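For reference, the structure is listed below as structure tokens.
Every number for a ligand or one of its atoms is a count from 1 in the order of the listing. Counting begins at 1 with the first residue of the sequence. What you are looking at is a predicted structure, and each value in this text was computed from that prediction instead of being measured.
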Amino acid sequence: MIITGASSGIGRELLKIFASNGHFVIAVARRREKLEEIKKEFNEKVEIFCKDMSKLGDIAELYEEIKELNIEVDLLINNAGTGEYGFFYETDMKSHMKTLNLNIKGLTYLTRIFAEDMIKKKQGGIINVASTASFQSGGPLMGVYYASKAYVLSLTEALVEEMEYRGVRIMALCPGPTSTEFKGMSSKRKGMQKFYVTTPRQVAESCYRDYFKGKNICIPGLLNKIIIFITRFIPRKVQRKMVRKIQEKKKRLL
Ligand SMILES: NC(=O)c1ccc[n+]([C@@H]2O[C@H](COP(=O)([O-])OP(=O)(O)OC[C@H]3O[C@@H](n4cnc5c(N)ncnc54)[C@H](OP(=O)(O)O)[C@@H]3O)[C@@H](O)[C@H]2O)c1
């Protein structure tokens, strides 16, 4: 199996859970030193690939190198993702493009290559990491990120209908705020954050459990599930004003 963005946060916890349950994991990220730490810890259970998943050339290389090693990929977890805070018109254009290239283009390309192989074999699985942001009507101050995660959820749900009846399992993992290196998040949960910020371990455990239960959408944490349920009954105009208030608060903390 492959996990992108396995060098920290949710990806690293997913790697720990899958590797300790006997899965052979191909860990992909850019920071070599982080990947080497992982290799030391998990030895033959893990193979590391230092690649940039926002670059289509790196993705094509990854695919070729895996083929050359004769490794069968039974599960692909598209976890690597990024996002930028700030007003759309003030944020550097380059960081918007980086978000689109990783969260949308890279994810689509990698999914497409492995989907074809899985369909041929009539087996395999794909987990795409979306977000609770995917369900919101818009994400003021993080507009490109929210839109990219809406894309991930939409594509993943389409693939459920196209691929599951042909033997390939598909799931969207939709975490809420999680204590990782992700921008604006702290790796430590302080004060009230203990109630609404999940740990990467909790997210990875929910993902593992729900994938093998056959779920198509995994929302880790009871509070996140309740929020997403209630969101259905809130007018879109109100939703985006609420998100703006939350994001403005975050911006003051950055
Ligand atoms: N934390 C949250 O609150 C939250 C909530 C909902 C969804 N998510 C989603 O969860 C996923 C994981 O995020 P996280 O919170 O665990 O953040 P994180 O700790 O920052 O981890 C991101 C991972 O992605 C890798 N990565 C970033 N850019 C990459 C690139 N161009 N090519 C290859 N790997 C790349 C990073 O490794 P390198 O830097 O070594 O490349 C790192 O391993 C993301 O898709 C994020 O959108 C996070």
Check ligand 1 against V129 and write out every atom of the ligand that is under 4.0 Å from a heavy-atom position of the residue. 9 (C), 10 (O), 11 (C)
Near K241 NZ, under 6.0 Å, is it more than 12 heavy atoms from other residues, nucleotides or ligands? no
Taking NZ, NE, NH1 and NH2 as the nitrogens, is one of them in E37 or K40 under 4.0 Å from a carboxylate oxygen of the other? no
What's the shortest heavy-atom distance between A172 and L153, and which atoms? CB-CD1, 3.7 Å
Quick check: are there more than 12 heavy atoms from other residues, nucleotides or ligands sitting under 6.0 Å from CE of M97? yes
Shortest non-hydrogen separation from Y211 to G125 and the atoms involved: OH-CA, 3.2 Å
Could you tell me if any non-hydrogen atom of P200 lies under 4.0 Å from any atom of ligand 1? no
Hey, what's the ring geometry for F233 with F229, parallel, tilted or perpendicular (30° and 60° as the breaks)? perpendicular
Ligand 1 to E181, heavy atom cutoff 4.0 Å, flagged ligand atoms 19 (O), 20 (O)
For R32, is the CZ atom crowded, meaning more than 12 foreign heavy atoms sit under 6.0 Å from it? no
For S206 and P220, indicate whether the former's side chain and the latter's backbone hold a donor-acceptor pair under 3.5 Å. no
Atom indices of ligand 1 within 4.0 angstrom of S7 heavy atoms, with elements: 36 (C), 37 (O), 38 (P), 40 (O), 42 (C), 43 (O)
Of L14, T178, T82, the one whose closest heavy atom lies nearest atom 3 (O) of ligand 1 is T178
Need the ligand 1 atom indices (1-based, order shown) with element for anything under 4.0 Å from a heavy-atom of D52. 30 (C), 31 (N), 32 (N)
Could E41 and R12 be called an ion pair, given the rule that one side-chain N must be under 4.0 Å from one carboxylate O? yes
Shortest reach to atom 5 (C) of ligand 1 by a heavy atom, considering only G11, P177, G176, A29: G176
Provide the number and element of each atom of ligand 1 under 4.0 Å from a heavy atom of G9. 16 (O), 19 (O)
L102 to ligand 1, any heavy atom closer than 4.0 Å: yes
Heavy-atom pairs closer than 4.0 Å: do any link ligand 1 to the side chain of C174, the backbone, both, or neither? neither
Could you list the atoms of ligand 1 found under 4.0 angstrom from a heavy atom of S8? 18 (P), 19 (O), 21 (O), 42 (C), 43 (O)
Give the intermediate values and the outcome of ring-ring contact (aromatic ring centres under 6.0 Å, His included) for residues F114 and Y63. CA-CA 8 Å; F114 284 102; Y63 181 73; 5.2 Å; yes
Using heavy atoms and a threshold below 4.0 Å, how should the contact between L35 and ligand 1 be classified: side chain, backbone, both, or neither? neither
Does ligand 1 come near enough to V28 that some N or O of the ligand is less than 3.5 Å from an N or O of the residue? no
Numbered atoms and elements of ligand 1 in range of Y145, under 4.0 angstrom, heavy atoms: 6 (C), 7 (C), 8 (N), 9 (C), 46 (C), 47 (O)
Contact partition for K51 relative to ligand 1, non-hydrogen atoms under 4.0 Å: backbone
Using non-hydrogen atoms of the residue, decide whether K149 is closer than 4.0 angstrom to ligand 1. yes
Do the charged groups of E116 and R112 touch, with an N to O distance under 4.0 Å? yes
State the atoms of ligand 1, each with its element, that fall below the 4.0 Å cut-off from a heavy-atom position in A130. 7 (C)
